[in-house]
There are 2 protein chains.
Amino acid sequence: MTVSRVLRNRGDVSEATREKVLEAAKALGYVPNKIAGALASQRVNLVGIVIPSLSNLVFPEVLSGISEELEDTGLQPVVGVTNYSPDKEEAVLYEMLSWRPSGVIIAGLEHTEAARAMLENAGVPVVEIMDVDGAGVDSVVGISHRRAGRHMAEAIVAAGYRRIGFLGTKMPEDHRARKRLEGFEEGLAAAGLALADSEFYQGGSALLKGREMTEAILKRTPDLDFLYYSNDMIGAGGLLWCLENGYDVPGKLGLAGFNGVDLLDGLPRKLATMDACRREIGRKAAEIVAGRPHSGAIGGEVIELEPVIEFGDTIRKL
Amino acid sequence: MTVSRVLRNRGDVSEATREKVLEAAKALGYVPNKIAGALASQRVNLVGIVIPSLSNLVFPEVLSGISEELEDTGLQPVVGVTNYSPDKEEAVLYEMLSWRPSGVIIAGLEHTEAARAMLENAGVPVVEIMDVDGAGVDSVVGISHRRAGRHMAEAIVAAGYRRIGFLGTKMPEDHRARKRLEGFEEGLAAAGLALADSEFYQGGSALLKGREMTEAILKRTPDLDFLYYSNDMIGAGGLLWCLENGYDVPGKLGLAGFNGVDLLDGLPRKLATMDACRREIGRKAAEIVAGRPHSGAIGGEVIELEPVIEFGDTIRKL
DNA sequence: ATGAAAGCGCTAACAA
DNA sequence: TTGTTAGCGCTTTCAT
């Protein structure tokens, strides 16, 4: 009836009735039922966001970017967390799609077959984020972790380091970290080098783990002249440990992390890193979802962002 | 029809038909429409989460706790961010309630009048989190920031510090930080003391701001013997700065933060802090929402968690 | 400018 | 055990 028109500012309604309706609505504390509305109109202002974790620091930042961009589009994010489990991801996705959201933003390109099929048949914009190394279902926004790793390797080799160690997480399901390491090893191989040693961890405070792993790897292989960390937090832990223990950084020992978390600006030295463009990825993904109302037809765009090496104070200049 | 029964594992269905339906569903890539389901059944498996920010580190942790607890309840979190704006909060809440969620978890006890009214009339469990200093609408899970501040003041005074400075954020809408400071000043007053100086910031990298503010306040008031920071990140920045500049911590200068972020385990010294029980608050809140299916009648419980001072290495022992 | 009526895709109650 | 039917509270279309 008319009420519906007033509350949606649609169609022709006289100013008089309009005010009357608004007043009544307020008096009754009326809150429209979007469920009914969505069912009738076949439109839902929700966007499904599927991410592996909330404790990784990286994902809240992406989320934040998405949330910012969605701010005044009338779209609401619905978040699902997969804990890096493909099966959980499939379940979360199923759950989300059953709400017929206006779009889906999902981390990574690797999904179960069923999940992939769901995404393909969703009939709404799908944006796979964080990673561009592989084939996407629809749109893709991210960086090439493989090339990121490769570039870092090249920069390290160019700076004259030769005995290089890697420190990272033990997470087979973290495809981006895996690709970064693969790219890194490729980069070393191109210079005729290989990893001299490596060390992995899981769980715990990253800063602390960074310390422990750094100590362990340097004890085991004292002639290392560079440590590449799979993220800035463990890198920061390593940096603190090295400084305390009198290592000549970056003279005799270089260090680099990954992500470019500005959380860490303010350390005694600035850790070399690469910005993973997290917030930007979130924004762009949200933009695509918000901007392509009912499409699904047009087919996806692939946006590759370029992470830049920030040398900081832990890679020596030649 | 029968299909509905199969997919919800309800009622009596013969194994034969059951399998046939399941098979057909899979073949067609059928995904049920929860919108229609929700409308018909008046049940919605969504929980609205309203928080001020995602960049604060604290809230992702709470979210994480909620998400964990909701994991196998079949409930999905829907997140809304308010940027510490009461009006935005009201808008976000309105939006959420129009989806008739099974519950609402909202940060803080301070809301606009309209928002409060909505919460009261929501007809589902409402849990206000983080703070217990004030009157809640329904259930409340949190800590007393006022007492947290007071306790910290008492501990500092007991350790013999007398010239105490405060460093915090300039956020009138962050009621919890405000209450903490008020409690802190009360605690000092009870010992016949007052803040000797204070310094506020907004935006930027917290670690870096901590450094800058620490330098500034110590330049301005060199005889300070204690610095109380409103969060651990700026506290950590301050700690690093003090160590680099040769301050005798905790002998001549004590430091303390707030939150107990384990992210920072691994600093050269362990910063004194108080655990804000963030994850636990999330879990408990989710538990309440999940455990009180259709109630709304029973009336809320108030769960006050007790933050404990972790002295670390930056408050001297007498 | 307003009202009336027909669904949206399910669930719940009842009938068979 | 299965099928039938009447809504859930809106939006949309068509009539007034």
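Both backbone and side-chain heavy atoms feed into the values below; hydrogens, waters and symmetry mates do not. Here is how names work: the chains are called A, B, and so on, in the same order as the sequence lines, proteins then strands, and each is numbered from 1.
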Between dA1(C) and Ser14(A), is there an OP1 or OP2 to side-chain N/O distance shorter than 4.0 Å?
no
Rounded to the nearest angstrom, tell me the gap between atom NZ in Lys20(A) and atom P in dA1(C).
15 Å
With side chains defined as the heavy atoms from C-beta onward, is the minimum distance between Ser139(B) and Lys284(B) less than 4.5 Å?
no
Using only side-chain N and O atoms of Gln42(B), determine if any of them is under 4.0 Å from OP1 or OP2 of dA12(C).
no
Atom pair distance, as rounded to whole Å: CG in Asn33(A) and C1' in dC10(C):
14 Å
Of the nucleotides dT11(C), dT11(D), dT2(C), which has the atom closest to the Thr17(A) side chain?
dT2(C)
Any donor-acceptor pair under 3.5 Å linking the side-chain atoms of Glu95(A) with those of Asn45(B)?
yes
Whole angstroms only, please: what is the CG-C1' distance between Leu28(B) and dG9(C)?
16 Å
Tell me whether the OP1 or OP2 atom of dT12(D) has a side-chain N or O from Arg43(A) closer than 4.0 Å.
yes
For a quick test of reading the model: is some side-chain N or O of Arg18(B) closer than 4.0 Å to OP1 or OP2 of dT2(D)?
no
Looking only at dC10(D), dT2(C), dT12(D), the nucleotide nearest the Val13(A) side chain is dT2(C)
dC10(D) phosphate, OP1 or OP2: any side-chain N/O from Tyr30(A) under 4.0 angstrom?
yes
Which is more 5' along DNA chain D, the nucleotide nearest Ala16(B) or the one nearest Ser41(A)? Just name the residue.
Ala16(B)
Can you tell me which nucleotide in dT12(D), dC8(C), dT2(C) comes closest to the side chain of Leu39(A)?
dC8(C)
Can you tell whether the side chains of Glu71(B) and Lys88(A) come within less than 4.0 Å, N to carboxylate O?
yes
Rounded to whole angstrom units, what separation is found between the NZ atom of Lys34(A) and the C1' atom of dC8(C)?
17 Å
Measure the CG-CG distance between Asn121(A) and Leu28(B) for me, rounded to the nearest 0.5 Å.
11.0 Å
